[in-house]
Amino acid sequence: QVQLVESGGGSVQAGGSLRLSCAASEFPQRPYFMGWFRQIPGMEREGVAGISTGGGVTYYADSVKSRFTISRDNAKNTLYLQMNDLKPEDTAIYYCAAGEGQYSTRPLQPSSYRYWGQGTQVTVSS
């Protein structure tokens, strides 16, 4: 069972930055692709960014391209999301997720992922 714990959320003003982290329990001897999602209460979970097992392939939602950067440190079993130039519409609960395999053909779809963290709140004020 893979356990994921997010941290780094908080409140910032528009234009500010935050860095989210997701610490994963030690993975079994299988590859896992990972991703970040966000959700506003009452709305569907939205894919933000995804990354392949080795970190060489990344995917982004159009709404965050050029502002967010996903990365991972496999030696530390940690996933990151660097968020710059934050906007009020980025306000949401952010979740990290992991799925089995080198990569996903649908990296921004929640159904592609098997394991989920509990989420961390990000609030951006105007």
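Small disclaimer: the values here were computed from a predicted structure and weren't measured.
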**OP:** Could you pull out all residues at least two apart from Tyr113 that satisfy ring-ring contact (aromatic ring centres under 6.0 Å, His included)?
**Re:** Phe33, Phe37

**OP:** Any salt bridge (charged side-chain N to carboxylate O under 4.0 Å, His left out) involving residues 115-126? Give me the pairs, sequence neighbours left out, ordered by first then second residue.
**Re:** none

Subject >> Cation-pi check, Arg72 onto Tyr80 ring (under 6.0 Å, within 45° of axis) >> reply: no

Original post:
Do Met83 and Tyr59 sit in the same hydrophobic cluster, where Ile, Leu, Val, Met, Phe, Trp and Tyr count as joined when their side-chain heavy atoms come under 4.5 Å apart?
Top reply: no

Original post:
Considering residues at least two apart in sequence or located in another chain, which fulfil the ring-ring contact (aromatic ring centres under 6.0 Å, His included) criterion with Tyr95?
Top reply: none

Original post:
Mind checking what makes side chain to side chain donor-acceptor pair (under 3.5 Å) contact with Ser17, not counting sequence neighbours?
Top reply: Asn84

Original post:
Quick one: side chain to side chain donor-acceptor pair (under 3.5 Å) partners of Thr105, sequence neighbours excluded?
Top reply: none

Original post:
If every non-hydrogen atom of Ser71 is compared with every non-hydrogen atom of Ile51, which pair is closest and at what distance?
Top reply: CA-CD1, 3.7 Å

Original post:
Any salt bridge (charged side-chain N to carboxylate O under 4.0 Å, His left out) pairs touching residues 8-17, not counting sequence neighbours?
Top reply: none

Original post:
Distance-only, no hydrogens or angles: does the Thr91 side chain make a donor-acceptor pair with backbone N or O of Val124 under 3.5 Å?
Top reply: yes

Subject >> Test salt bridge (Lys or Arg N to Asp or Glu O under 4.0 Å) applied to Glu100 - qualifying residues, sequence neighbours left out >> reply: Arg30, Arg114

Subject >> Ile40 to Ala92 - nearest heavy-atom pair and separation >> reply: CG1-CB, 4.0 Å

**OP:** Provide the closest heavy-atom pair for Gln121 versus Ile93 in the form atom of the first, atom of the second, distance.
**Re:** OE1-CG1, 3.3 Å

**OP:** Over all heavy atoms of both residues, which pair between Pro88 and Ser126 is shortest? Give the atoms and the distance, please.
**Re:** CG-CB, 3.9 Å

Original post:
Pairs in or reaching into residues 33-47: which pass salt bridge (charged side-chain N to carboxylate O under 4.0 Å, His left out), with residues at least two apart or in two chains?
Top reply: Arg38-Glu46, Arg38-Asp90

Original post:
Just by modelled atom types, is the Tyr32 backbone N or O under 3.5 Å from a matching donor or acceptor in the Thr53 side chain?
Top reply: yes

Original post:
Taking only residues two or more places apart in sequence, or in another chain, which ones meet Gln102 in a side chain to side chain donor-acceptor pair (under 3.5 Å)?
Top reply: none

Original post:
Given Ser63 and Lys87, is the side-chain contact (heavy atoms from CB on, under 4.5 Å) satisfied, shown in steps?
Top reply: CA-CA 10 Å; Ser63 59; Lys87 304 177 179 181; over 6 Å; no

Subject >> Atom CD of Gln3: over 12 foreign heavy atoms under 6.0 Å >> reply: no

Subject >> All side chain to side chain donor-acceptor pair (under 3.5 Å) counterparts of Gln109, not counting sequence neighbours >> reply: none

Original post:
Do Tyr115 and Tyr94 belong to the same hydrophobic cluster, where Ile, Leu, Val, Met, Phe, Trp and Tyr are linked whenever their side-chain heavy atoms lie under 4.5 Å apart, directly or via other members?
Top reply: yes

Original post:
In terms of hydrophobic clustering (I, L, V, M, F, W, Y; side-chain heavy atoms under 4.5 Å; direct or indirect links), are Met34 and Trp116 co-clustered?
Top reply: no

Original post:
Does the Thr78 side chain pair with the main chain of Lys76, one donor and one acceptor, at a distance under 3.5 Å?
Top reply: yes

Original post:
Between the main-chain N or O of Arg19 and the side-chain N or O of Gln82, is there a donor-acceptor pair closer than 3.5 Å?
Top reply: no

Original post:
When you look at Leu18 and Leu86, which way does the side-chain contact (heavy atoms from CB on, under 4.5 Å) test go after all the steps?
Top reply: CA-CA 8 Å; Leu18 283 174; Leu86 282 161; 4.1 Å; yes

Subject >> Any pair counted as salt bridge (charged side-chain N to carboxylate O under 4.0 Å, His left out), so long as it reaches residues 117-126, sequence neighbours left out >> reply: none

**OP:** Check whether Tyr60 and Leu79 end up in the same hydrophobic cluster, where Ile, Leu, Val, Met, Phe, Trp and Tyr are linked by side-chain heavy atoms less than 4.5 Å apart.
**Re:** yes

**OP:** For residues 56-120, pull every pair meeting disulfide bond (SG atoms under 2.5 Å apart), keeping only residues two or more places apart or in separate chains.
**Re:** Cys22-Cys96

**OP:** Could you tell me whether Gln118 atom CD has more than 12 heavy atoms of other residues or ligands within 6.0 Å of it?
**Re:** no

Original post:
When you look at OH of Tyr103, are more than 12 heavy atoms from neighbouring residues, nucleotides or ligands closer to it than 6.0 Å?
Top reply: no

